[in-house]
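Notes for the one structure printed next.
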Protein chains: 2
Amino acid sequence: MTDVATEKPRRGRPPVSDEQRQRQRLDLSRHAVRLFAEQGVAATSGEQIAHAAGVSERTFWRYFPHKESCVEPLLTKMVDAFCAVVRAWPRELELIDHLREAYSPLLDAASDEDIEAVLAVVRLTHGEQALRAAYLMLRERAEDALAEVLAERAGLPQDTIEVRVQAAAMSAVLKVATDDVARAAAGGVTRDTLEGHREQIAAALRGLSRML
Amino acid sequence: MTDVATEKPRRGRPPVSDEQRQRQRLDLSRHAVRLFAEQGVAATSGEQIAHAAGVSERTFWRYFPHKESCVEPLLTKMVDAFCAVVRAWPRELELIDHLREAYSPLLDAASDEDIEAVLAVVRLTHGEQALRAAYLMLRERAEDALAEVLAERAGLPQDTIEVRVQAAAMSAVLKVATDDVARAAAGGVTRDTLEGHREQIAAALRGLSRML
DNA sequence: TCTTTATTGGCACCAACTGCCATTAAGCGC
DNA sequence: GCGCTTAATGGCAGTTGGTGCCAATAAAGA
């Protein structure tokens, strides 16, 4: 019984697909972020976000446990993208070189709107403490994904001090660079700003190694 | 008018001293943490904490903006201690060596109770998301202090990418090590556990430099 | 003592969530 | 098309974190 792919004599309405659910969350997220930027987090009520997205307040609260977690879907997009790049990092290449190769196609794939939205959120997380907290929590979750990749590369278990420190440091580098590029892109994003991001990361890595 | 030390023809009840206020906060903090550990954060109400510390709920909310920020005073103690050590880091010494020298007296100075309480909080921040968020926010504030020290050492402005990355990485190292030692000290703290902390940090720094 | 200012406590109030139940939507066999 | 079954939604009441406001008290100096 109850096998991996447990038997499915499905009847009745099927549960909505996972991607569908994510899409809904992302949509709510976009509306929320727009309102946050316009009026501030405190002045934006759950009801307002819900109705802006055309759903009842009750279902809004079913999609998000707190108001601030509305930023999560958008930010996850960014973090996931970075994790994917790191995951594809070939063993024989320097990280910086890999970034140079893998980063541009990734930027082309994403819609300009979403990039702008993500950077707007990052900018919002300064000044809006509640959002900053959500951002930091998310980053820490991403750190685990990073640790997984690094562990595999080093052939070490994931909960080694060494692996976790490297993941944490790398995550910190990305955070600083991201904050910086978000600030730089305050008034309109250009291709240069984004290419600059890669160079920021490269510079940051150099600064790190100089520390010893 | 309104000079640096502005004229003080004080009348009426003088405002309570700053350290007095901190003491009050710290007291509330201890009660809060005890209750959090016993029953969980969600099950502990502001009213409960307030009355445990012998003040009205209203004044409790005047000391803390949110329930979770109750952990702040205790955690600040730890972070401040580390910052002090870093601030006293002489230019000609390796960081690891400085830690070896400066760490022990610091541990002797702190009361065992407080050390235990701080580690208990850190342990709580796993599993209690709200507390984790508060913890991360606090760490980021500490990162700025760290950046200040590092900037002065390097003779660079504080908002340089290089300085901020180093501060972030160092903070990350401390975070991983702290989490680890808190976990290790789950059932009673010994002097060894704490000395171990220093060695954790040392090992973490080595792991970091190996990353390049 | 009286005056002045700081802190406290009590109460009403709002907004963030949650539980519960009726309603609607989406599949499937007929 | 029509039921049957299960998932998602919406509405409503209720709880709880947290704030604004005002009266009461505490701590000084005159």
Side-chain angles (χ1 to χ4, degrees), chain A residues 6-29 31-33 35-36 39-72 128-131 133-134 137, chain B residues 6-29 31-33 35-36 39-72 128-131 133-134 137:
Chain A
T6 185
E7 70 219 77
K8 297 213 175 187
R10 303 262 33 217
R11 305 192 328 166
R13 174 182 185 170
V16 69
S17 75
D18 219 36
E19 46 195 320
Q20 187 83 4
R21 194 152 208 292
Q22 303 291 27
R23 238 195 303 282
Q24 177 72 292
R25 268 173 70 89
L26 192 57
D27 186 48
L28 281 163
S29 181
H31 284 283
V33 166
L35 290 169
F36 287 168
Q39 350 168 330
V41 176
T44 307
S45 69
E47 193 190 7
Q48 220 176 338
I49 304 173
H51 287 133
V55 345
S56 82
E57 188 183 351
R58 188 60 186 87
T59 64
F60 168 74
W61 289 121
R62 268 195 268 263
Y63 276 90
F64 294 101
H66 328 287
K67 202 166 54 167
E68 321 87 49
S69 35
C70 284
V71 298
E72 201 186 286
E128 294 276 7
Q129 301 218 347
L131 297 192
M137 292 286 283
Chain B
T6 184
E7 71 220 76
K8 296 211 176 188
R10 301 264 30 217
R11 305 194 325 168
R13 174 181 186 170
V16 68
S17 74
D18 219 37
E19 48 195 319
Q20 187 83 5
R21 193 153 208 291
Q22 302 291 27
R23 237 195 305 282
Q24 177 72 291
R25 268 174 69 88
L26 191 58
D27 186 50
L28 281 162
S29 181
H31 283 283
V33 167
L35 290 169
F36 287 168
Q39 349 167 330
V41 176
T44 307
S45 69
E47 194 190 5
Q48 220 176 337
I49 304 173
H51 287 135
V55 314
S56 83
E57 188 184 351
R58 189 61 187 87
T59 64
F60 168 74
W61 290 121
R62 267 195 269 263
Y63 276 91
F64 294 100
H66 327 287
K67 203 165 53 167
E68 320 87 48
S69 34
C70 286
V71 297
E72 200 185 286
E128 294 275 6
Q129 300 219 341
L131 297 192
M137 291 286 283

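- Heavy-atom distances to DNA chain C give each of Glu57(B) and Glu57(A) a nearest nucleotide, and the one nearer the 5′ end belongs to Glu57(B).
- Counting heavy atoms of neighbouring residues, nucleotides and ligands inside a 6.0 Å radius, atom CD of Glu57(B) exceeds 12 of them.
- Looking at Arg25(B), its side chain does come within 3.5 Å of a backbone N or O of Tyr63(B) through a donor-acceptor pair.
- From Gln39(B), atom CD reaches atom OG1 of Thr44(B) across 4.0 Å, with rounding to the nearest 0.5 Å.
- The nearest whole Å value for the distance from the CD atom in Gln48(B) to the C1' atom in dG18(D) is 17 Å.
- If you check distances only, the side chain of Arg13(B) never reaches the base of dA28(D) with a donor-acceptor pair under 3.5 Å.
- The nearest whole Å value for the distance from the CD atom in Gln24(A) to the P atom in dG10(D) is 9 Å.
- Rounded to whole angstrom, the span from the CD atom of Gln129(A) across to the P atom of dG18(D) amounts to 13 Å.
- Between the Glu128(B) side chain and the Val41(B) main chain, a donor and an acceptor come within less than 3.5 Å of each other.
- Residues from residues 58-69 of chain A that place a heavy atom under 4.0 Å from any atom of DNA chain D, listed by number: Arg58(A), Thr59(A), Arg62(A), Tyr63(A).
- Map Pro14(A) and Val55(A) each onto its nearest nucleotide of DNA chain D; the residue landing nearer the 5' end is Pro14(A).
- Formation of a donor-acceptor pair under 3.5 Å by the Ser69(A) side chain with backbone atoms of Glu72(A) is not found in this model.
- Taken to the nearest 0.5 Å, the OG atom of Ser45(B) stands 9.0 Å off from the NE2 atom of His51(B).
- Across the protein-nucleic acid pair, Leu28(B) atom CG and dT8(C) atom C1' stand 13 Å apart, rounded to whole Å.
- The distance from atom CG of Leu35(B) to atom P of dG17(D) is 13 Å, rounded to the nearest whole Å.
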